[in-house]
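Whatever order the structure lists ligands and atoms in, that order sets their numbers, starting from 1. From a predicted model like this one, the values you see are computed outputs, not experimental measurements. Atom set for the values below is all heavy atoms of this structure, side chains included, hydrogens, waters and symmetry mates excluded. Heads up: numbering here begins at 1 and tracks the sequence.
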Amino acid sequence: MSAPVIAVEDSEEQAHFDALIDADLRIEPRDWMPEAYRKTLIRQISQHAHSEIIGMQPEANWITRAPSLKRKAILIAKVQDEAGHGLYLYSAAQTLGITREEMTDQLIEGRARYSSIFNYHTPTWADMGAIGWLVDGAAICNQVPLCRASYGPYGRAMVRICKEESFHQRQGFEILLELSNGTPEQKQMAQDAVNRWYWPSLMMFGPTDDASPNSARSMAWKIKRFSNDDLRQRFVGMCVPQFEALGLECPDKNLRFDEETGQWLMSEIDWSEFDAVLDGRGPANTERLKRRREAHENGAWVREAAAAYAAKQSAKDRIAA
Ligand code: 3HC
């Protein structure tokens with residue numbers, strides 16, 4: 001991990017900010033904050049919000065094909081939750097001085113990042129299980145520490161998000177458990193889906209610590225509480241007993257716990273695949289952005305109607321006042 005680079009301004013405001021961070025207190029929108037802190041938060045929170053919104057697509061793909069009414073209702077609820085998470089996060093980012101329109105433009109014009117994980121396809125129903133168990137499981141692992149992020153609106157949004165993610169993770173686990181205890185074909189479908197999602201879910205934690213340009217500074221500011229590799233380790237450790245409970249095999253045959261170092265030893269992640277996905281060359285990057293752009297264009301009339309309604313309401317309020 002690169003050394004923390006925090007440009008310290010010699011001012012009373014900077015001293016007050018530093019004291020709040022040192023004391024593990026929260027920075028609120030009204031507080032002075034270094035420009036780089038504000039920019040880092042806008043970057044991370046907006047990327048996170050975009051991930052939630054784009055993340056609706058791989059699962060929405062299965063709503064019309066869910067195997068039962070109950071499964072359909074659960075999946076609809078989950079996809080709606082992701083939309084809600086996006087909204088909490090866009091709202092948190094807006095408190096830092098960026099508008100929703102700017103963030104939306106950055107996303108649909110392909111200028112913003114969103115999580116690599118949502119650029120993979122979901123060919124079978126078992127992918128709904130693997131996404132819930134592995135992707136939402138990795139999200140929880142990464143996001144529970146963010147509930148303690150130093151920026152108040154972000155930390156508070158994360159508390160609510162994490163509660164819902166826990167339900168998502170359990171419903172994914174339950175889908176896989178049922179398939180794993182079903183016919184041999186169903187069990188194989190579950191194993192294939194887990195094989196597809198295991199490595200990409202490890203990539204969700206970001207590059208290794210020594211290749212992560214933002215970690216050191218974000219940790220010094222207590223936005224991130226743990227490094228990418230530490231969280232990845234924690235996640236792998238959580239998965240091992242769950243693989244056993246599911247009766248499925250971990251795709252990493254080299255995975256083992258090293259008592260001496262207290263670390264999980266694993267096969268090398270294919271970082272060239274991660275780089276390609278970040279570079280827009282993943283299996284579904286193009287279609288995810290295209291779909292998002294179309295949804296935005298198709299929703300123009302809703303935004304116009306909402307703006308006209310808001311203008312009418314405020315005119316009414318002015319007359320009444
Ligand atoms: N996908 C896409 N981009 C990634 C990435 C990933 N998996 N991991 C890292 N990156 C990007 C970073 O955004 C950064 O890009 P930038 O500098 O151009 O903005 C670059 O790669 C270098 O990575 P760093 O480790 O230096 O970046 P961070 O310190 O920001 O750490 C992170 C990356 C761990 C993802 C951190 O931003 C984070 O914890 N974000 C909040 C959580 C989040 O956004 N999760 C996304 C998934 S949301 C989700 O899973 C929804 C759920 O419903 C399933």
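A heavy-atom separation below 4.0 Å is found between Pro207 and ligand 1.
When non-hydrogen atoms are compared, ligand 1 lies under 4.0 Å from neither the backbone nor the side chain of His85. No part of Val277 comes within 4.0 Å of ligand 1, judged by heavy-atom distances. Contact annotation for Ile117 and ligand 1: no heavy atom of the residue comes within less than 4.0 Å of the ligand. With a heavy-atom cut-off of 4.0 Å, Leu231 does not touch ligand 1 at all. Contacts between His168 and ligand 1 below 4.0 angstrom, taking non-hydrogen atoms only, are absent altogether. The backbone and the side chain of Met204 each have at least one atom closer than 4.0 Å to an atom of ligand 1 (non-hydrogen atoms only). By the criterion of a heavy-atom distance under 4.0 Å, neither the backbone nor the side chain of Ile131 is placed next to ligand 1. Residue Gln44 touches ligand 1 through its side chain alone, judged by heavy-atom distances below 4.0 Å. Residue contacts with ligand 1 for Phe205 involve N, CA, C or O but no side-chain atom from C-beta outward (heavy atoms, distance under 4.0 Å). Contacts with ligand 1 closer than 4.0 Å are made by heavy atoms of both the backbone and the side chain of Ser212.
When the shell of 6.0 Å around NZ of Lys316 is examined, it contains 12 or fewer heavy atoms from other residues, nucleotides or ligands. The environment of CZ in Arg170 is sparse: at most 12 heavy-atom neighbours from other residues, nucleotides or ligands sit within 6.0 Å.
For atom 32 (C) of ligand 1, the nearest protein heavy atom is 4.0 Å or more away.
Distance check, rounded to the nearest 0.5 Å: OG1 of Thr40 to CG of Asn214 gives 6.5 Å. Rounded to the nearest 0.5 Å, atoms CD (Gln242) and CD (Glu244) are 11.0 Å apart.
For ligand 1, the polar-atom distance check finds no N/O of Tyr154 at less than 3.5 Å from any of the ligand's N/O atoms. The shortest N/O to N/O separation between Ser51 and ligand 1 does not fall below 3.5 Å.
In this structure, the side chains of Thr208 and Trp271 come closer than 4.5 Å at one or more pairs of heavy atoms. By the 4.5 Å heavy-atom criterion applied to side chains, His16 and Trp32 are not counted as neighbours.
Near Leu146, with a cut-off below 4.0 Å to any heavy atom, the atoms of ligand 1 are 41 (C). Residue Gly206 has at least one heavy-atom neighbour below 4.0 Å for each of these atoms of ligand 1: 8 (N), 9 (C). Atoms of ligand 1 found under 4.0 Å from any heavy atom of Gln143, numbered from 1 in the order shown, are 45 (N), 48 (S), 49 (C). For ligand 1, the atoms closer than 4.0 angstrom to any heavy atom of Ser115 are 1 (N), 2 (C), 46 (C), 47 (C).
In summary, Glu287 and Arg291 do not engage in a salt bridge, as defined by a charged side-chain N under 4.0 Å from a carboxylate O. The pair Glu28-Arg30 does not count as a salt bridge, with every side-chain nitrogen at least 4.0 angstrom from each carboxylate oxygen. Taking 4.0 Å as the cut-off between side-chain N and carboxylate O, Arg71 and Glu174 count as a salt-bridged pair. Ionic pairing of Arg38 and Glu35 is present here: one or more N-O contacts between side-chain nitrogen and carboxylate oxygen are shorter than 4.0 angstrom. Salt-bridge check for Glu82 with Lys78: passed, with a basic side-chain N closer than 4.0 Å to an acidic carboxylate O. A salt bridge links Asp24 with Arg225: at least one charged nitrogen is closer than 4.0 Å to a carboxylate oxygen.
The protein heavy atom nearest to atom 5 (C) of ligand 1 is Phe274 CZ, 3.7 Å. Considering only non-hydrogen protein atoms, atom 42 (C) of ligand 1 sits nearest to Asn142 OD1, 3.1 Å. Atom 53 (O) of ligand 1 has its closest protein heavy atom at Glu82 OE1, 2.6 Å. When hydrogens are left out, the protein atom nearest atom 52 (C) of ligand 1 is Glu165 OE2, 3.3 Å; that is the closest non-hydrogen contact. Scanning the protein heavy atoms around atom 29 (O) of ligand 1, the nearest turns out to be Lys224 NZ, 2.7 Å. Looking at atom 13 (O) of ligand 1, its nearest protein heavy atom turns out to be Gln47 OE1, 2.7 Å. Atom 21 (O) of ligand 1 has Leu278 CD2, 3.8 Å as its closest protein atom, hydrogens excluded (heavy atom only). If you check which protein heavy atom lies closest to atom 16 (P) of ligand 1, you get Arg113 NE, 3.5 Å.
With a 6.0 Å cutoff to the six-membered ring centre and a 45° limit on the axis angle, Arg288 does not count as a cation-pi contact of Phe118.
For atom 14 (C) of ligand 1, the candidate residues are Asp229, Asn214, Asn228; the nearest heavy-atom contact is made by Asn214. The residue among Ser116, Pro213, Gly282 with a heavy atom at the shortest distance from atom 6 (C) of ligand 1 is Ser116.
In summary, the aromatic rings of His48 and Tyr114 are positioned with their centroids too far apart to meet the 6.0 Å limit.
A perpendicular orientation is assigned to the rings of Trp133 and Phe243, their planes being inclined by more than 60° (bins at 30° and 60°).
Of the possible polar contacts, none joining the Arg256 side chain to the Leu265 backbone as a donor-acceptor pair under 3.5 Å is found.
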